[in-house]
> 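Below: one structure in structure tokens.
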Amino acid sequence: MTGRFDTTAQPVALTHAVVDRAAHHRQDEAWLAAAWSHPSTRVFVVSGGQVLVQDTDDGGTELVMTPAFDAPESEMHRYFLGIDPADGVRYFALQKDALPGRMDDEARPAGLREVGGLLSPLQAGLMVHAVALENWQRLHRFCSRCGERTVIAAAGHIRRCPACGAEHYPRTDPAVIMLVTDDEDRALLGRQVHWPEGRFSTLAGFVEPGESLEAAVRREVLEEAGVVVGDVEYVASQPWPFPSSLMLGFMAQATSSVITVDGEEIHEARWFSREDLRAAFESGEVLPPFGISIAARLIELWYGKPLPRQGATGR
């Protein structure tokens, strides 16, 4: 955390590190085998970015996890996620082609957008880790150096090429996401071309090769909305494995106010005062960004209070 914008009172979703990832154990096969066999170890299945969850009696939501001896067999797609420092429980995820069926009808499949904000910080962190690994594993099965099929190593965190010896590591794509304000302290919000009418959020875009984060903020705002940005201040980051992004949140100060949208990514962009945005929320003219995204937190830091909540998906 740096600068004037404090997120400690209400942390950004999916960012609270609870589990010790214990990366030094990932290539210790004897330790991993012992950890897998321990009766306290817990395992859940991930498939296509989804897991099984169930509702609890107290109105919460939790991952469906089992002891290792009850887990489906999947030696090559067994990912070590870490250790709970509070009680020593080891956690693993299994990548499968489909989620296992449940006889009690209490469990349901769910994606991270749907339940990331409903799970405990520990379970949300486990799910983020597992979904990110699964996405990377499914998309990087062949060596980018020689084309040979690679094999999984380091408890799911490396793919090795048996032909040329290259090692490949999980990919993370940095993306900037920014709330831009002008000299009247109005916020710039935009609507992507594929979003429904009324859905507005912050601008965002991927960092290009050889580009600094600050330069990426200025370039993306200029490209998407035609607005020139001066000062840029980092706020917080958020893992966003859809499929492999790391969202880097910023506040940015505009030095121009004329909007010219690109028409390709952004269909509409507008300046909002706090009063404008409140009235637009109340009338239904503007729909806020959904639940777990850092976009909502950036807007809230400027807006001064929580946004209306309408779900748990989207940017």
Side-chain angles (χ1 to χ4, degrees), residues 1-7 9-10 12 173-238 240 245-283 285-290 293-308 314-315:
M1 177 63 219
T2 62
R4 299 173 290 118
F5 303 100
D6 186 4
T7 61
Q10 184 181 347
V12 177
D173 300 322
V176 292
I177 183 166
M178 45 277 175
L179 182 69
V180 181
T181 55
D182 67 1
D183 57 6
E184 298 180 33
D185 201 24
R186 297 179 300 173
L188 178 64
L189 302 179
R191 183 166 70 85
Q192 291 191 11
V193 294
H194 60 276
W195 285 356
E197 189 73 27
R199 175 75 65 205
F200 281 82
S201 187
T202 55
L203 303 183
F206 286 104
V207 181
E208 294 187 345
E211 186 175 44
S212 71
L213 300 178
E214 295 83 357
V217 169
R218 297 184 180 104
R219 176 184 53 78
E220 285 288 345
V221 175
L222 184 62
E223 289 178 353
E224 294 186 347
V227 172
V228 178
V229 164
D231 291 341
V232 174
E233 184 173 349
Y234 173 74
V235 177
S237 63
Q238 181 185 45
W240 198 248
S245 298
L246 176 66
M247 305 302 292
L248 301 153
F250 292 87
M251 294 292 193
Q253 184 66 38
T255 60
S256 70
S257 59
V258 176
I259 295 173
T260 306
V261 297
D262 63 3
E264 297 180 1
E265 293 187 54
I266 301 299
H267 177 74
E268 180 183 4
R270 293 164 54 186
W271 292 106
F272 291 90
S273 69
R274 291 172 182 81
E275 293 73 20
D276 292 337
L277 192 59
R278 177 187 56 78
F281 285 152
E282 291 178 352
S283 68
E285 177 188 358
V286 169
L287 305 174
F290 279 121
S293 170
I294 191 175
R297 293 293 294 116
L298 293 174
I299 298 172
E300 285 172 346
L301 287 173
W302 164 82
Y303 192 53
K305 59 183 178 180
L307 301 182
R315 191 182 79 193

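Position 1 is the first residue of the sequence; numbering continues from there. All heavy atoms count here, side chains included; hydrogens, waters and symmetry mates do not.
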> Any salt bridge linking Glu275 with Arg278? Criterion: basic side-chain nitrogen under 4.0 Å from a carboxylate oxygen.
no
> Using a strict 4.0 Å threshold on nitrogen-to-oxygen distance, state whether Arg219 and Glu224 make a salt bridge.
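No, no charged N to carboxylate O under 4.0 Å.
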> Can a donor-acceptor pair be found between the side chains of Thr181 and Gln253 at a distance below 3.5 Å?
yes
> Using modelled atom types only, decide if a donor and an acceptor are shared between the side chain of Ser283 and the backbone of Glu285 within a distance under 3.5 Å.
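Checked: pair present.
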> Can you tell me if Asp231 has over 12 outside heavy atoms packed within less than 6.0 Å of its CG?
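12 or below, so no.
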> Is there a side-chain contact between Pro289 and Leu307 (heavy atoms, below 4.5 Å)?
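Side chain of Pro289 against side chain of Leu307, heavy atoms only: contact under 4.5 Å found.
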> Is any side-chain heavy atom of Leu277 closer than 4.5 Å to a side-chain heavy atom of Phe281?
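Yes, close enough: below the 4.5 Å cut-off.
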> If you take all heavy atoms of Ser237 and Val12, which pair is closest and at what distance?
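Between these two residues, the closest heavy atoms are O-CG1, 4.4 Å.
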> What's the shortest heavy-atom distance between Ile266 and Gly190, and which atoms?
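Looking at all heavy atoms of both residues, the closest pair is CG2-CA, 4.5 Å.
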> In Å, rounded to the nearest 0.5 Å, how long is the span from CG of Leu203 to CE of Met178?
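The distance works out to 5.5 Å.
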> When rounded to the nearest 0.5 angstrom, what distance separates CZ in Phe250 from CD in Glu220?
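Going from CZ on Phe250 over to CD on Glu220, the span is 12.0 Å.
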> So, for Gly249 and Tyr234, which heavy atoms are closest and what is the spacing to 0.1 Å?
O-CD1, 3.5 Å
> Apply the test salt bridge (Lys or Arg N to Asp or Glu O under 4.0 Å) to residues Glu268 and Arg199: give CA-CA distance (whole Å), side-chain angles for both, the deciding distance (0.1 Å), then the verdict.
CA-CA 10 Å; Glu268 180 183 4; Arg199 175 75 65 205; over 6 Å; no
> Other residues, nucleotides and ligands only: do more than 12 of their heavy atoms fall within 6.0 Å of CD on Glu264?
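Counting other residues, nucleotides and ligands, CD of Glu264 stays at 12 neighbours or fewer.
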> Is any NZ, NE, NH1 or NH2 atom of the basic residue among Asp185 and Arg274 found under 4.0 Å from an Asp or Glu carboxylate oxygen of the other?
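Yes, Asp185 and Arg274 are salt-bridged.
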> With no hydrogens and no angle check, is any side-chain donor or acceptor of Glu282 less than 3.5 Å from a backbone partner on Ala279?
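Here the side-chain-to-backbone pair does not exist.
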> Side chains of Ile259 and Val227: closer than 4.5 Å at any heavy-atom pair?
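Side chain of Ile259 against side chain of Val227, heavy atoms only: contact under 4.5 Å found.
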> Could you tell me if the side chain of Phe200 sits less than 4.5 Å from the side chain of Leu287, heavy atoms only?
no
> What distance do Trp271 atom CH2 and Asp276 atom CG have between them, rounded to the nearest 0.5 Å?
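Between atom CH2 of Trp271 and atom CG of Asp276 there are 12.5 Å.
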> Closest heavy-atom contact between Leu298 and Leu179?
O-CD2, 3.5 Å
> Within the structure provided, determine whether Ser257 and Arg186 are in side-chain contact (heavy-atom separation under 4.5 Å).
yes
> Measure the shortest side-chain to side-chain distance between Ile299 and Phe272 over non-hydrogen atoms and say whether it is less than 4.5 angstrom.
no
> Measure across Trp240 and Met247 and return the closest heavy-atom pair with its distance rounded to 0.1 Å.
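Residues Trp240 and Met247, closest heavy atoms: CB-CG, 3.5 Å.
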> Only one of Leu213, Val217, Val235 forms a side chain to side chain contact (heavy atoms under 4.5 Å, CB included) with Leu248, so which one is it?
Leu213
> Give, for atom CD of Gln238 and atom OG of Ser293, the distance between the pair rounded to the nearest 0.5 Å.
5.5 Å
> Answer yes or no: is there a donor N or O on one side and an acceptor on the other, between the side chain of Thr202 and the main chain of Ala295, under 3.5 Å?
no
> Are Val229 and Thr255 packed together at the side-chain level, in the sense that at least one heavy-atom pair is separated by less than 4.5 angstrom?
no
> Which atom pair, heavy atoms only, marks the closest approach of Phe206 to Ser245?
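That closest heavy-atom pairing would be CE2-OG, 3.4 Å.
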